Amino acid sequence: MRPGDTVLVVDDDDDAVLPRCASRGAGRRRICVGCVENGREAIDVLKAGARASLILLDLHTPEMNGLEFRPLQRSDPAIADIPSSF
């Protein structure tokens with residue numbers, strides 16, 4: 001990750017994920033961290049023009065989990081190249 005990169009966190013448990021992401025990575029490296037609750041919201045945000053350098057996916061989110069999100073992401077040329085991890 002480079003300064004200015006954006007990480008999109010897809011997880012429905014903000015209390016567990018965001019404070020750790022922000023305190024361990026974002027502050028020191030100036031990496032922006034965004035969070036949505038499920039894969040459907042992630043698709044909507046990315047299709048609306050948000051650009052992420054990395055997507056971190058939870059496997060157990062409501063509406064659309066990480067495993068359901070990934071094939072949809074890969075099928076859209078505008079967002080297919082964004083690396084993601086579970």
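Everything numeric in this text was worked out from a predicted model, so none of it was measured.
- Remark: Gln73 engages Arg70 in a side-chain hydrogen bond (donor to acceptor under 3.5 Å, both in side chains) (not counting sequence neighbours).
- Residues in residues 55-69 take part in no side-chain hydrogen bond (donor to acceptor under 3.5 Å, both in side chains) pair, two or more places apart or across chains.
- Within the 4.5 Å cutoff, the side chain of Ser53 has no heavy atoms near those of the Ile82 side chain.
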Name each donor-acceptor pair under 3.5 Å that joins a side chain in residues 43-52 to protein atoms two or more places apart or in another chain, with its distance.
| unit_1 | atom_1 | unit_2 | atom_2 | d |
| --- | --- | --- | --- | --- |
| Arg51 | NH1 | Ala78 | O | 3.2 |
| Arg51 | NH2 | Asp81 | OD1 | 3.0 |
| Arg51 | NH2 | Asp81 | OD2 | 3.1 |

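- The nearest pair of heavy atoms linking Leu72 to Met64 is CD1-CE, 3.3 Å.
- With a 4.5 Å cut-off on side-chain heavy atoms, Glu41 and Leu8 do not count as touching.
- With Phe69 as reference, Ile55 is the one residue of Leu59, Val10, Ile55, Asn38 to meet the side chain to side chain contact (heavy atoms under 4.5 Å, CB included) rule.
- Going from atom CG of Leu56 over to atom CZ of Phe86 covers 11.0 Å, rounded to the nearest 0.5 Å.
- The CG atom of Asp11 lies 6.5 Å from the SG atom of Cys35; values are rounded to the nearest 0.5 Å.
- A distance of 5.0 Å separates CG in Leu57 from OG in Ser84, rounded to the nearest 0.5 Å.
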